[in-house]
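Because the structure is predicted, anything quoted here is derived from the model rather than measured. Numbers restart at 1 for each chain; the letters A, B, ... are given by sequence-line order, proteins then strands.
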There are 2 protein chains.
Amino acid sequence: MSSQPLPHSLPQKNINTHLIEIKDYFKIAISVDCVIFGFDENELKILLIKSDLDQFRGKWSLLGDIVRTDEDPDDAAYRVLLTRTGIQDLYLEQVQAFGKPGRHPAGRVVTIAYYSLINIRHSILKNLDNELHWHPVKKIKQMAFDHKEIVDACYARLREKLKDHPVGFNLLPRKFSLRELQNLYEAILAVKLDRRNFRKKIMSMGLLIDLHEMEDDVPHRPAKLYKFNEDAFQKQENSYLGIDD
Amino acid sequence: MSSQPLPHSLPQKNINTHLIEIKDYFKIAISVDCVIFGFDENELKILLIKSDLDQFRGKWSLLGDIVRTDEDPDDAAYRVLLTRTGIQDLYLEQVQAFGKPGRHPAGRVVTIAYYSLINIRHSILKNLDNELHWHPVKKIKQMAFDHKEIVDACYARLREKLKDHPVGFNLLPRKFSLRELQNLYEAILAVKLDRRNFRKKIMSMGLLIDLHEMEDDVPHRPAKLYKFNEDAFQKQENSYLGIDD
DNA sequence: ACAAAAGTGTTAGATTTACACCCATGA
DNA sequence: TCATGGGTGTAAATCTAACACTTTTGT
């Protein structure tokens, strides 16, 4: 917060004000890295791949790729996700860029981190992808590159998001019980929730459609099944933004 | 959310798993752009510069620069801020990357957006920077490049941040009255706040130190002056993270 | 004395939390 | 019939929101 004398040489040219030659700066590559969250066996998991780089042999890394010369980074992230999971329409959100020099041994690579929420059951992981595995988030200790830091940032973002926005549905199958939804919230937020209060809160959001179906093959009283009310959700988003209404 | 058959050609190589040649991808430049917030005349303002690029002649743009080949993007943002405002220690937070192809006329430039909070009075804007101006956020309609979009994203982030974190102090002088602080909150959140409730809430945070000084030269009853309690704030942050305590 | 903003408590309403019993199913 | 989790309501506590008068200063 302290004032400082200005350096003597102010920049006379600037990328936003003058058309300067930027070809000398084309020394940095851009990649995307995806933290793909899934929910299985009451645990929040992320999809990782084994790195073959010497420096990181045996360590796990995120799924990512170089952004092509004419590609929108968002599209690159969607491409990685489609290629690896086979899922086309999924929840994807950019988190932030990571660009410390030295973070990638192949050269200067600035990566843009995304997180994605998918239903594990919908993903088609090919056999040849036997280096792909779902890891419980809680158990991930170290990773290749700065990917642990990226995972931490994405997980923190997901937690914050979930507190205010109903994104959790993207991690569940189309039909789910309130218990499954609560397990999901408890796994992500790492807290225990009161069952009655949770149900009241979820129901008051008005985003569930009662399917009038029951669980099957459970060794106890079966639970009712619901689906997410996409239309009601869209309407809420719009009125929140002052578009509708 | 629908499943799709996998494309036939899975990538056999990947930037995170194999050491691939990335020199062919060195076609993209990285820049940083800073949304510098200041608070003056009870308005939230941002520091902008006139663009001289033909395409954007007369339009306002953010302060930014190319990230140097061996430079951490965070450092590049600090560099831009120091160079332009003369302020060394300031609040800076990365928001996200913007990288649509075609967003910059000089070529493919992916920019990392930051926002910064400064005390306008501490900034030293040099005379030769007569193209630099403070603009009320509310009045900014269009800008050069995709900078309006960047400003919107940074302003949204600031609003969210302010709801839970006491970052507003960075915009005020060291000594301030509760009225000034309330004006700041009202300007950023674009709401009217109840004076008594606001004071109660702020006081309950325990982050103000009563300086036992009064305003001067005001044509009405002078207000007490406070300063931000940096130590108490740090202690709170630490205990929240489970470090201390 | 007047204008202008500072300072200060209380009450109603809304939200959040804590908590215990009966029910439906499969084994 | 037993074990397991499903389903449900109420009361206390906390937080939020609404609201008006007196005080201090400069003019």
Side-chain angles (χ1 to χ4, degrees), chain A residues 39-43 159-160 162-166 168 172-173 175-227 236 240, chain B residues 39-43 159-160 162-166 168 172-173 175-227 236 240:
Chain A
F39 184 64
D40 192 34
E41 295 168 317
N42 285 342
E43 280 187 310
R159 264 180 278 132
E160 288 308 311
L162 189 67
K163 286 177 187 168
D164 284 326
H165 304 268
L172 292 177
K175 303 176 180 187
F176 53 86
S177 67
L178 282 174
R179 162 58 57 187
E180 288 175 287
L181 188 61
Q182 182 175 345
N183 286 342
L184 173 65
Y185 272 76
E186 291 182 340
I188 295 178
L189 302 175
V191 293
K192 271 277 162 221
L193 299 172
D194 179 86
R195 186 154 42 114
R196 278 175 288 193
N197 294 336
F198 178 77
R199 297 163 93 88
K200 250 179 295 176
K201 179 158 206 163
I202 293 292
M203 286 311 187
S204 75
M205 300 190 321
L207 293 176
L208 292 191
I209 294 175
D210 187 342
L211 290 170
H212 300 292
E213 289 180 61
M214 293 295 185
E215 279 181 321
D216 233 358
D217 296 323
V218 287
H220 53 77
R221 175 174 175 180
K224 292 172 82 170
L225 294 176
Y226 297 87
K227 69 171 183 177
Q236 283 180 22
Y240 178 73
Chain B
F39 183 65
D40 191 36
E41 296 170 317
N42 285 343
E43 280 187 309
R159 264 180 278 133
E160 287 308 311
L162 189 68
K163 286 177 186 169
D164 285 327
H165 304 268
L172 292 177
K175 303 177 180 184
F176 53 86
S177 66
L178 282 175
R179 161 59 54 187
E180 288 175 287
L181 189 61
Q182 183 174 343
N183 287 343
L184 173 66
Y185 273 75
E186 291 182 340
I188 295 178
L189 302 175
V191 291
K192 270 278 162 221
L193 300 172
D194 179 88
R195 187 152 43 113
R196 277 174 287 193
N197 293 337
F198 178 79
R199 296 163 94 91
K200 251 179 291 176
K201 180 160 207 163
I202 293 291
M203 286 310 188
S204 74
M205 302 190 320
L207 292 177
L208 292 190
I209 295 174
D210 186 341
L211 289 169
H212 301 292
E213 289 179 59
M214 293 295 188
E215 279 182 322
D216 233 359
D217 294 325
V218 287
H220 53 77
R221 176 172 174 180
K224 291 172 82 170
L225 295 175
Y226 297 87
K227 69 172 181 175
Q236 284 181 19
Y240 177 74

### Query
If we only count heavy atoms from C-beta on, is the M214(B) to L225(B) side-chain gap below 4.5 Å?
no
### Task
In plain terms, say whether E213(A) and K224(A) are close enough for a salt bridge, that is, a side-chain N and a carboxylate O under 4.0 Å apart.
no
## Note on the structure
Ranking dC19(D), dG7(D), dA6(C) by distance to the side chain of R195(B), first place goes to dA6(C)
### Query
Among K201(B), R199(B), Q182(B), whose side chain to side chain contact (heavy atoms under 4.5 Å, CB included) with L193(B) holds?
Q182(B)
### Query
Rounded to the Å, how far apart are R179(A) CZ and dA24(C) P?
19 Å
### Query
Within this structure, what is the CE-to-P distance between M203(B) and dG9(C), rounded to whole angstrom?
12 Å
### Message
Would F198(B) and L181(B) count as a side-chain contact (heavy atoms from CB on, under 4.5 Å) here? Give the steps.
### Response
CA-CA 10 Å; F198(B) 178 79; L181(B) 189 61; 4.0 Å; yes
### Message
I want to confirm an ordering. Mapping K201(A) and Y226(B) to their closest nucleotides on DNA chain C, which one lands closer to the 5' end?
### Response
Y226(B)
### Query
So what does R199(B) touch, heavy atoms closer than 4.0 Å: a base, only the sugar-phosphate, or nothing?
base
### Message
Checking Y226(A) against F176(A) for the ring pair (Phe, Tyr, Trp, His ring centres under 6.0 Å) test, could you report, in this order, the C-alpha distance in whole Å, the side-chain angles of both residues, the deciding distance, and whether it holds?
### Response
CA-CA 5 Å; Y226(A) 297 87; F176(A) 53 86; 7.1 Å; no
### Message
Any N or O donor-acceptor pair under 3.5 Å from the base of dT10(C) to the side chain of K200(B)?
### Response
yes
#### Entry: Interatomic distance, E186(A) atom CD to N183(A) atom CG [nearest 0.5 angstrom]
6.0 Å
With the criterion being N/O to N/O and under 3.5 Å, what pairs connect the protein with nucleotides 25-27 of chain C, and how long is each?
none

### Task
May I ask you to verify if any side-chain N or O of R196(A) is less than 4.0 angstrom from the OP1 or OP2 atom of dC19(C)?
no
